[in-house]
Structure formats: structure tokens, C-alpha cells
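Small disclaimer: the values here were computed from a predicted structure and weren't measured. Quick note on labels: first sequence line is chain A, next is B, and so on, each numbered from 1.
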Number of protein chains: 2
Amino acid sequence: MRTGETMTPCTGCPLLDCPGLKQMDEERRREIETFKQGEIVLERGGQVLTQGARSNEIYTVLSGVLIRFRLMEDGRRQIINFLFPGDLVGLQAMLDEPMTHGVEALTPARLCIFPRDRFIEFVGRNPDMGYDVIWLAAKEESALEEHLVALGQRNARERIAYLALFIVKRAEGTCLASEGRVEISVTQGQVADMLGLSLVHTNRSMQSLRRDGLVRWSLNAIEIPDPEAVSRLVHYDPALFGPRPYL
Amino acid sequence: MRTGETMTPCTGCPLLDCPGLKQMDEERRREIETFKQGEIVLERGGQVLTQGARSNEIYTVLSGVLIRFRLMEDGRRQIINFLFPGDLVGLQAMLDEPMTHGVEALTPARLCIFPRDRFIEFVGRNPDMGYDVIWLAAKEESALEEHLVALGQRNARERIAYLALFIVKRAEGTCLASEGRVEISVTQGQVADMLGLSLVHTNRSMQSLRRDGLVRWSLNAIEIPDPEAVSRLVHYDPALFGPRPYL
DNA sequence: CGTCACCTTGATAGTTCTCAAGGGTCGTGG
DNA sequence: CCACGACCCTTGAGAACTATCAAGGTGACG
């Protein structure tokens with residue numbers, strides 16, 4: 001579903017009072033408002049960006065969680081990353097080249113639409129927002145680095161534990177999680193697609209983590225009773241620096 | 001080795017006449033020149049950025065090839081990506097947080113130094129360069145995506161073939177390669193560190209590719225007699241869009 | 001000549017994949 | 001109300017892939 005004809009004000013934006021995100025002053029909010037073009041509402045499974053297609057729009061996640069993935073000819077797919085509220089979706093769309101990945105909603109989600117062609121002019125007029133875009137891009141890059149380390153250096157159990165920790169911490173930063181628990185339904189098949197494991201082996205490794213009381217990953221939620229312990233297990237400390245900027 | 005006291009002019013910059021890179025007009029060159037702070041020269045094995053340290057500088061590769069890698073406490077390392085002439089090194093340094101990776105030269109290399117603290121002001125004054133930075137960041141991101149696909153979905157032989165193709169194509173874009181051959185020494189250990197394979201298995205898989213005449217990877221050079229064939233084998237088409245921008 | 005850094009080979013063990021089958025839940029239509 | 005399909009999780013068993021350990025081999029270089 002899509003809104004756009006009538007301008008949607010940013011006043012009630014859910015991101016405005018999320019403690020994990022940077023505070024935004026009146027002036028900035030207004031500036032973004034003029035740039036905003038509408039909203040999209042998705043249900044679980046809905047797509048925003050399609051691999052191979054060009055996009056004229058860039059989005060900011062207002063609520064919900066989405067995944068970014070890449071398909072191969074033979075049907076295999078690799079999930080690249082998760083997207084949380086405040087994240088910029090489709091930076092690639094700025095290049096005016098076919099998207100190399102698709103984006104799909106994992107939970108019901110709401111996105112804010114920005115027009116591609118005015119983006120350049122927009123950041124030109126607001127250098128500090130240009131800086132924020134770069135900030136987000138750099139962070140995204142470092143998340144991908146972490147995923148690469150997981151795929152390259154860890155075994156199945158560790159990968160799953162790593163991913164759970166990553167998601168929970170990232171969700172905590174946007175008020176989607178508390179006390180090591182996120183209510184989000186991630187399929188074992190999706191985990192397998194992200195971590196480069198077979199579905200069967202993913203299942204068995206998850207059971208092993210569950211038996212050890214380290215990670216409880218069901219279709220309803222991910223739960224990590226003792227994040228410290230998991231952090232030690234996988235040699236990964238999800239450093240949450242200051243609040244994230246967003247547009 | 002480091003230059004800086006005397007301003008190094010951009011006039012003789014080797015990037016200026018690399019066909020794979022975007023043409024640069026006089027005005028832009030001058031603008032960048034005022035921003036440039038000096039140069040660094042590295043030999044094979046030399047480091048520019050150290051993981052865990054903050055950096056006050058951002059670099060552009062003028063010549064040579066470098067790698068960006070991440071270390072774990074136990075000594076394992078994951079190579080994240082290769083850097084070629086024109087690439088921006090240390091975008092992360094803009095965040096004023098400890099670097100999450102190190103950067104090391106694979107061949108003798110020369111880098112151009114930009115001061116971090118003036119960067120924001122610089123892109124504010126030159127919006128189109130801000131756009132180019134975003135362009136580079138988006139491209140980097142899509143390279144990491146590709147590496148993730150390789151690690152997640154391909155077996156050892158395919159990963160190696162993929163990496164060879166990636167490097168050769170990327171090198172062709174910067175005049176370092178011609179006719180499917182790059183003169184660059186990448187150790188089998190480095191390949192293993194990038195692809196998440198053991199050294200022994202990397203060795204055997206490389207031999208298999210060599211026997212099949214697909215990839216000839218020695219300590220002196222990488223050679224791909226028939227890029228098309230390799231491209232089909234790994235389901236990877238390294239699309240080289242237009243010339244890359246650089247600073 | 002010895003050391004160092006790299007490549008190579010063989011044998012064995014461990015991890016992960018694939019194939020095959022069964023079970024649970026939920027919504028839909030007969 | 002029940003049968004059915006869709007989607008997800010679970011288990012077992014054998015095959016394939018990859019890691020590890022151990023040992024040799026080469027060439028460069030002081």
C-alpha cells in the first residue's frame with residue numbers, strides 16, 4: 001500500500017522518539033519533510049526493491065524489520081543483511097544501475113519514500129545529512145564485514161549464535177528488543193540462506209544451542225538468556241556506539 | 001615513507017590517465033589538490049590502517065593493490081576486500097571510531113592522504129564529490145555482497161575461481177591487467193584467509209582449477225585464459241559499469 | 001649452509017550436505 | 001466438521017566436502 005498524493009507529515013514519525021536514534025531538531029525534520037514523497041506499508045513477505053530492476057526511490061525504514069538478499073540463477077539465495085528502523089534502504093539506487101539485491105519485509109513494515117533524482121540536490125543543500133548518509137553507509141559496510149567474518153571463520157553453531165546476537169543487539173538499539181529477546185519470526189530456512197548452511201544442519205545446530213541454553217530461536221522470537229556468554233562463545237562484541245543518525 | 005611538508009601536486013597523478021577512471025577536469029583537480037595533505041609510499045606488506053586504532057586520515061590509492069582485513073583474538077584473519085587504484089581507503093575513519101579492520105599493501109603502493117577533519121567541510125563545499133563518495137561506498141558495498149554470496153553459496157573451487165575473476169576484472173578496470181592476466185602476488189594463505197578455506201584445501205582446489213585450464217594462479221600472477229568459461233562456472237558476471245569516480 | 005616463506009602431498013578425522021520421510025500448525029473449501 | 005495444501009520444524013543415514021596433522025620440497029637470500 002502506498003501513500004503519496006497527500007503529503008504525509010513527519011510529525012508523528014515513530015522514529016522521533018526512539019532512544020537508539022539520534023535526536024532530530026525541528027528544522028531538520030522540516031527539511032526532510034519537504035523531501036519525503038510518501039510512505040509504503042508492507043506485510044510480511046512484501047517486497048520493496050527487486051533485484052535487477054532500477055529504482056527511482058530510496059527509503060527509510062519507519063517500522064518493522066526487512067531483509068536484503070541476492071538471488072542466483074539456480075534459485076539459491078543469499079541474505080545479505082537485516083534492516084531495522086532508521087536504516088536507509090537502497091543506497092544503491094542512487095547509482096542509476098540495476099539493483100544487485102532485493103528487499104523484503106520480515107514483519108509488517110512501514111517505509112518512508114524519497115525520490116532518487118532529488119537526492120543529490122538534497123544532500124548538496126544539507127551537507128550534514130550527506131555526512132549522515134556516509135555514516136550509514138560506513139556502518140552498513142562494517143556490518144557486512146562482520147557477516148563475512150562469520151561466514152569465513154566460524155562453524156555452524158557459532159554462525160547461528162553470532163547471527164542471533166547480531167539481531168538482538170541491533171534490535172535493542174531500536175526498541176524492538178529488551179532483555180535479550182526480540183519478537184520476530186525468522187525461519188530456519190532464512191537463517192540457512194543467510195549463513196550459507198543447509199536447512200537440515202541449521203536445524204540441528206539450533207537445537208544444540210537450545211540444549212545448551214545459549215540461544216532460543218523459535219518462529220515467534222529470538223531469545224538470548226545470557227548475551228555475555230554468547231558473546232564470548234563467538235568472539236564477537238557487538239559494539240553499539242552512539243545513537244544512529246537517520247533521514 | 002611519507003611526504004607532506006611540501007605540497008605534492010596532483011598534476012602528475014597516475015590516476016589522471018587511467019581509462020577505467022572518470023575523467024577529471026582542471027577545476028576539480030585543483031579543488032582536490034587543496035585538500036590533499038601528502039602521500040604515503042608502502043612496500044609489499046606495509047600497513048596503512050591498523051585495526052582498533054583511530055585514524056585521522058583518509059586515503060585514495062594512487063597505485064598498487066592492497067587488502068583490507070579483520071583479525072580475531074585467536075589470530076585468525078578474514079580478508080574483506082581488495083583495494084585498487086582509485087579506491088577510497090578508510091571511509092570508516094570518518095566516523096571517529098576505532099577502525100574495525102586493517103589495511104596492508106600486497107604490492108608496492110602509493111596513497112594520497114586527506115585529512116579526516118576537513119573532509120566533511122570538503123564534501124559540503126563540493127556536493128558532486130559527496131555524491132562520488134556515496135557512489136564509491138555503494139560500490140564497495142556491492143562488492144562485499146558478492147563476496148558474501150561466494151562464501152555462503154559456493155564450494156572451494158568455485159570460490160577460488162570467483163575470486164580470481166573478481167580480481168582480474170577489477171584490475172582490468174585500472175590498467176593493471178590485460179588479456180585475463182594480472183601480475184600480482186597473492187599467497188595461497190591469503191586466498192584461504194579471504195575465502196574461509198584451509199590452506200591445504202585451497203592448494204588442492206587451485207590445482208584442480210589449474211588442471212582444468214580455468215585459472216592459473218601463481219605467486220607472480222593470476223591468469224584466466226577463458227574468462228567467459230569461468231564466468232559461467234561460478235555464475236558470476238562481473239559487470240563493469242561506467243568509469244569509476246575517485247578523489 | 002641454514003633459514004624463511006611458500007607450495008605440495010598423504011592420511012585421517014570432523015563437519016556439513018543431500019536424500020528421504022514424518023510430524024505440527026493453520027487457514028481454506030467441500 | 002473434516003480433508004487438504006502450504007509452510008515450517010524434525011530425524012535418520014550415507015555421501016561429499018573440508019579441516020587437521022605431519023612431512024617434504026622448492027627457491028631466495030644472508
Side-chain angles (χ1 to χ4, degrees), chain A residues 43-46 67 72 74-79 104-107 150-164 184-211 215-223 233-234, chain B residues 43-46 67 72 74-79 104-107 150-164 184-211 215-223 233-234:
Chain A
E43 7 188 319
R44 173 168 165 86
I67 52 177
M72 301 180 71
D74 56 10
R76 283 178 295 175
R77 81 170 175 178
Q78 173 70 39
I79 295 179
E104 159 185 333
L106 223 48
T107 67
L151 292 202
Q153 309 295 334
R154 296 193 241 263
N155 64 24
R157 238 175 79 105
E158 293 169 338
R159 286 188 213 180
I160 294 171
Y162 156 76
L163 183 58
I184 183 185
S185 51
V186 184
T187 285
Q188 292 186 359
Q190 288 165 333
V191 174
D193 279 349
M194 169 129 196
L195 298 179
L197 298 170
S198 73
L199 174 53
V200 173
H201 196 53
T202 299
N203 178 284
R204 291 199 236 262
S205 306
M206 271 192 177
Q207 290 182 51
S208 154
L209 286 168
R210 204 175 305 148
R211 270 195 303 277
V215 175
R216 244 175 288 279
W217 196 322
S218 77
L219 194 45
N220 305 315
I222 306 172
E223 203 166 353
L233 171 70
V234 298
Chain B
E43 10 188 315
R44 172 169 166 85
I67 52 176
M72 298 179 72
D74 56 9
R76 283 178 294 174
R77 79 167 177 181
Q78 173 69 40
I79 295 179
E104 157 184 335
L106 268 185
T107 67
L151 291 201
Q153 310 294 334
R154 297 193 239 264
N155 64 23
R157 239 175 76 106
E158 292 169 339
R159 286 186 213 181
I160 294 171
Y162 156 76
L163 183 58
I184 183 183
S185 49
V186 184
T187 284
Q188 292 186 0
Q190 288 165 333
V191 174
D193 279 350
M194 170 131 196
L195 298 179
L197 299 169
S198 73
L199 175 54
V200 173
H201 196 54
T202 300
N203 178 286
R204 291 199 237 261
S205 306
M206 271 191 176
Q207 289 182 52
S208 155
L209 287 167
R210 203 175 305 148
R211 271 196 302 276
V215 176
R216 244 175 287 281
W217 196 321
S218 77
L219 194 45
N220 305 316
I222 306 173
E223 203 167 352
L233 171 69
V234 298

Compare side-chain N and O positions of [X] against OP1 and OP2 of [N] and report whether any pair is under 4.0 Å apart.
X	N	result
B:Asn155	D:dC17	no
B:Gln207	C:dT9	yes
A:Asn203	D:dC9	no

>> For B:Val215 versus B:Ala164, what's the shortest heavy-atom pair and its separation?
In response: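 So the two residues come closest at CG1-CB, 3.7 Å.
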Can you tell me which nucleotide in [options] comes closest to the side chain of [X]?
X	options	value
B:Arg204	C:dC6, C:dA11, C:dC17	C:dA11
B:Thr187	C:dC7, D:dC9, C:dC17	C:dC7
A:Ala156	D:dT18, C:dT16, C:dT9	C:dT16
B:Gln188	C:dT9, C:dC7, D:dT18	C:dC7

>> Could you check whether atom CD of A:Gln207 has more than 12 heavy atoms from other residues, nucleotides or ligands sitting under 6.0 Å from it?
In response: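 Enclosed: over 12 neighbouring heavy atoms sit under 6.0 Å from CD of A:Gln207.
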>> B:Glu223 vs B:Arg210, test: side chain to side chain contact (heavy atoms under 4.5 Å, CB included). Steps then yes/no.
In response: CA-CA 10 Å; B:Glu223 203 167 352; B:Arg210 203 175 305 148; over 6 Å; no
> Which is it for B:Arg159 and B:Ser205 under the side chain to side chain donor-acceptor pair (under 3.5 Å) test, yes or no, and what are the steps along the way?
Replying inline: CA-CA 10 Å; B:Arg159 286 186 213 181; B:Ser205 306; over 6 Å; no
> Which part of the nucleic acid does B:Arg210 contact within heavy-atom distance under 4.0 Å: base, sugar-phosphate only, or nothing?
Replying inline: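 Result for B:Arg210 = sugar-phosphate.
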> Roughly, in whole Å, what's the span from CG in A:Leu209 to P in D:dC9?
Replying inline: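 Answer to the nearest Å: 15 Å.
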